[in-house]
Amino acid sequence: MSAKLAASLCPYCAVGCGMYLVVDKGKAVGIEYMTDHPASEGALCPKGNAVLEVLNSEERLTSPLKRSGDGFVAISWDEALHLVAEGLARNIKKRGAGSLGFLASSRCNNEENYLFEKLARLLGSPHVDNCARLCHSPTVVGLGAVLGTGAMTNNLLDLENSRCIFAIGTNFTEAHPVVSRWVQKARDKGATIIVADPRITSTSWTADQHLRINPGSDIDLLRGMMKVIVDEGLLDSDFIAMRTEGFDALQKNLTGLTLDEAAERTGIPAGEIAKAARFYARSSASALLYSMGITQHVCGTDNVKACATLALLCGQVGRPGAGVWPMRGQNNVQGNCDMGGMAEFYPGYRRASDPKSVEFFRTAWNAPSLPLGPGLTSTEMTEAALQGKMKAMYIIGEDPVTCDANINRTRAALDSLDFLVVQEIFLTATAKMADVVLPAAAWAEKDGSYTSMERRVQWIDQAVPPAGEAKEGLWIINEVGRRLGLELGGSSAAEVLLEINRNVPQYGGMTKERISAVGGLRWPCPDEKHPGTDILHRERFSLPSGRASMASVENRPAAELVSPDYPILLSTGRIVEHYNSGSMTRRSPSLSDVNHELYVEINPEDAQKLKIRHGDMVKVKTVRGETEARARITEKVKPGMVFMPFHWQGTNIITSGALDPVAKIPEYKMAACRVEAVG
Ligand code: SF4
């Protein structure tokens, strides 16, 4: 029989690039480019091109495992499921369902995440969260507070319509490479590109203006720009009057600020701030792009609010080419949040703290009772475990022992649990700590839908069978539920999608048939006749008043400031070859061969003072611990700052666990460190 093509999606970032898998005799043997995919147009970055190395990896988990001493032994599915049910039930009986924590997976599809959070809440635990906590929880709550919806306002294709693209805190050419296509198209049509980033990056190289901002001064820059816009009358008064609230307070907030103060705090000359403000405000359509350089701060939520407020001030929202583009991380992190895999929300962003949400789902799920939230966030679950309040966790496709900040605390927290079950495709650092490991099917081995950063919901059918004895996530979650006396009500992804259509208003018209077409549909799509939504907020904002709520914010200093003992600022981020914890990309030879070890970028001035040469191994130390990395001496970082990619476990041994008080995201971008030569 000849090979077949199966439509699929890249399992890495939230751009949601399409591809075809070439399937021969039940095995994916190649990929072909999906040139008719609307967002990627056949393009794939190095990670997307290497997906088969992960799918077909010899290191895939192929049978259930249970702990035996320091290692594991393979067991049957029946025994594994029995152990999981018994471990969870034991803790419910002894300590109550509130002692259980659940981490949903932004690598898994919508249907799995919907059923997983349903399992958690039907068991009585409100503690469900996902890795959005570590990347874009400030987007969900910050954009939600200002615009009413915590998601990308426009879409990737629409970047082509922008005449000014202002990217702050995002190195998208490395983190979301295919987005560059759309930025380049805008540029080809004459758009001005402004990049605010402390580092010189491949994104800043493409910019017409690079604002080399001091780390942690984003609000100062944004307020400085707003001040110029107000003082020079560049604001959109009609838009402000008709569509927003809070302008008077904002004006008052800006009154005392001088451009010189903003310049001093940001390290950007006043003239450059003014120039950027004028470009952004005067362009007929301006896009504001941001990512974790904005969100991963103790003021991450306020940073997001300031970004959205700048856009509102200039009327740069709700039109083609004009809006706010949060560049989300994992392939289905948007969908996971949509499905209620967050401590604050039941599916469809119904507030978990609202008794009406609980009542809605109690009726929908025919449940005797459901927990009122909010539950504990993933970062709070760590603390609860350390305090002995959380005693069992069920983690799907997340690797907190690599991804959390200050991971020695996470390790201690997981160590303290009575029971840990991890459902994974590889034996990750977190899976290695589990009592039971459940081998899961990868994305190409199961049916289901994924929601990209542009709210694009796309269905893919199973292309190949799961590796070894690995099982589809839906089957596993259903079986665990069954053994705990729950019928979760969805044996296939198609069945679960029908339930999602009923209970998640944004997905009401997203039938399997409609989202199976190449490119799917963008939410909100409330009914089967609805064409989906390209641009949010065209007529009204999704807040009760219909108006956006401008935010008046002030910068807050980092939780950890440099000191004589720790005189250098450490920042972290992504590089193009790797993804998040690296649990997949580090197992991909073509990616690992390019960058195979942890490194630290050091400015030549600092390196000279520290007597460190390019290629030396160095120790990077913070108050939390130390890690070793290979020194790269480069002008990419300013003096007094170092940068480390976070795809190796060493990085998060030393990052700061200080949290944004609203979104509870750690301040990965700001830690005080010192660097020493090894030996
Ligand atoms: Fe995959 Fe993102 Fe690269 Fe596209 S840009 S191929 S979705 S990692």
Side-chain angles (χ1 to χ4, degrees), residues 7-22 28 30-55 105-110 131 135-136 152 155-157 159 167 170-185 201-203 206 289 291-292 325-336 397 425 442-444 448-460 463 518-520 522 573-588 590-592 594-595 645-647:
S8 194
L9 296 168
C10 175
Y12 286 112
C13 90
V15 174
C17 296
M19 66 176 74
Y20 292 103
L21 296 178
V22 183
I31 55 172
E32 287 209 357
Y33 298 121
M34 189 181 269
T35 52
D36 56 342
H37 189 276
S40 54
E41 298 183 320
L44 294 173
C45 77
K47 292 184 285 289
N49 273 301
V51 292
L52 293 192
E53 293 176 9
V54 163
L55 187 65
S105 174
S106 296
R107 289 191 285 157
C108 289
N109 58 44
N110 288 323
C131 68
C135 62
H136 272 279
M152 186 179 281
N155 60 79
L156 294 176
L157 289 64
L159 281 172
T170 168
N171 180 14
F172 60 80
T173 58
E174 290 210 57
H176 305 96
V178 171
V179 171
S180 306
R181 289 173 67 81
W182 298 101
V183 174
Q184 188 56 42
K185 285 185 192 206
T201 65
S202 48
T203 304
T206 66
L289 280 54
S291 192
M292 298 192 300
W325 275 253
M327 313 294 283
R328 303 295 294 262
Q330 192 71 52
N331 59 334
N332 198 36
V333 69
Q334 179 69 57
N336 195 350
I425 65 171
W443 83 102
S449 65
Y450 298 81
T451 307
S452 75
M453 64 164 79
E454 51 173 352
R455 299 170 280 105
R456 186 188 294 280
V457 186
Q458 308 179 82
W459 179 277
I460 52 172
V518 169
R522 294 188 199 96
R574 287 198 186 121
I575 58 174
V576 69
E577 296 85 11
H578 286 288
Y579 202 73
N580 283 9
S581 70
S583 67
M584 291 162 76
T585 50
R586 282 187 282 111
R587 289 178 166 90
S588 188
S590 65
L591 300 171
S592 265
V594 182
N595 259 312
F646 53 51
H647 312 293

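Whatever order the structure lists ligands and atoms in, that order sets their numbers, starting from 1. Owing to the predicted nature of the structure, the values given are computational and were not obtained by experimental measurement.
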Considering the heavy atoms of [X], write down every atom of ligand 1 situated less than 4.0 Å from one of them.
{"X": "Val178", "value": "4 (Fe), 5 (S)"}
{"X": "Leu44", "value": "6 (S)"}
{"X": "Gly16", "value": "7 (S)"}
{"X": "Lys47", "value": "8 (S)"}
{"X": "Tyr12", "value": "8 (S)"}
{"X": "Gly48", "value": "6 (S)"}

>> Whether the Thr451 and Asn110 side chains hold a donor-acceptor pair (N or O, under 3.5 Å, no angle test) is what I'd like checked.
In response: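 A pair is found: one side chain offers a donor N or O, the other an acceptor, under 3.5 Å apart.
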>> With no hydrogens and no angle check, just 3.5 Å: does a side-chain donor-acceptor pair link Gln334 and Ser452?
In response: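 Distance-only check fails for Gln334 and Ser452.
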> Can Leu44 and Tyr33 be said to form a side-chain contact (heavy atoms from CB on, under 4.5 Å), step by step?
Replying inline: CA-CA 8 Å; Leu44 294 173; Tyr33 298 121; 3.6 Å; yes
> Which residue, Val15, Leu157, Leu156, forms the side chain to side chain contact (heavy atoms under 4.5 Å, CB included) with Arg456?
Replying inline: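 That would be Leu157; it is the only one of Val15, Leu157, Leu156 passing the side chain to side chain contact (heavy atoms under 4.5 Å, CB included) with Arg456.
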>> Set out, in order, the CA-CA distance, both residues' side-chain angles and the distance that settles side-chain hydrogen bond (donor to acceptor under 3.5 Å, both in side chains) for Thr173 and Ser180, then state yes or no.
In response: CA-CA 6 Å; Thr173 58; Ser180 306; 5.1 Å; no
> Any N/O/S atom of His176 sitting less than 2.8 Å from atom 2 (Fe) of ligand 1, backbone or side chain?
Replying inline: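 No, outside the cut-off.
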Could you find the nearest protein heavy atom to [atom] and give me its residue, atom name and distance?
{"atom": "atom 4 (Fe) of ligand 1", "answer": "Cys17 SG, 2.3 Å"}
{"atom": "atom 2 (Fe) of ligand 1", "answer": "Cys13 SG, 2.3 Å"}
{"atom": "atom 1 (Fe) of ligand 1", "answer": "Cys10 SG, 2.3 Å"}

> Please walk me through it: do Phe172 and Ser291 pass side-chain contact (heavy atoms from CB on, under 4.5 Å)?
Replying inline: CA-CA 8 Å; Phe172 60 80; Ser291 192; over 6 Å; no
> Just wondering, is there an N, O or S atom on Cys45 that's nearer than 2.8 Å to atom 3 (Fe) of ligand 1?
Replying inline: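 Yes, since at least one N, O or S atom of Cys45 sits under 2.8 Å from atom 3 (Fe) of ligand 1.
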> Do Lys185 and Glu41 sit within salt-bridge range, that is, some charged N less than 4.0 Å from a carboxylate O?
Replying inline: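 Counted as a salt bridge, because a side-chain N and a carboxylate O are separated by less than 4.0 Å.
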> Is it true that Ser40 lies under 4.0 Å from ligand 1, counting heavy atoms only?
Replying inline: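 Ser40: no contact with ligand 1 (<4.0 Å).
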>> Does any part of the side chain of Tyr450, heavy atoms only, come nearer than 4.5 Å to the side chain of Gln458, both counted from C-beta?
In response: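 No. Closest side-chain heavy atoms not under 4.5 Å.
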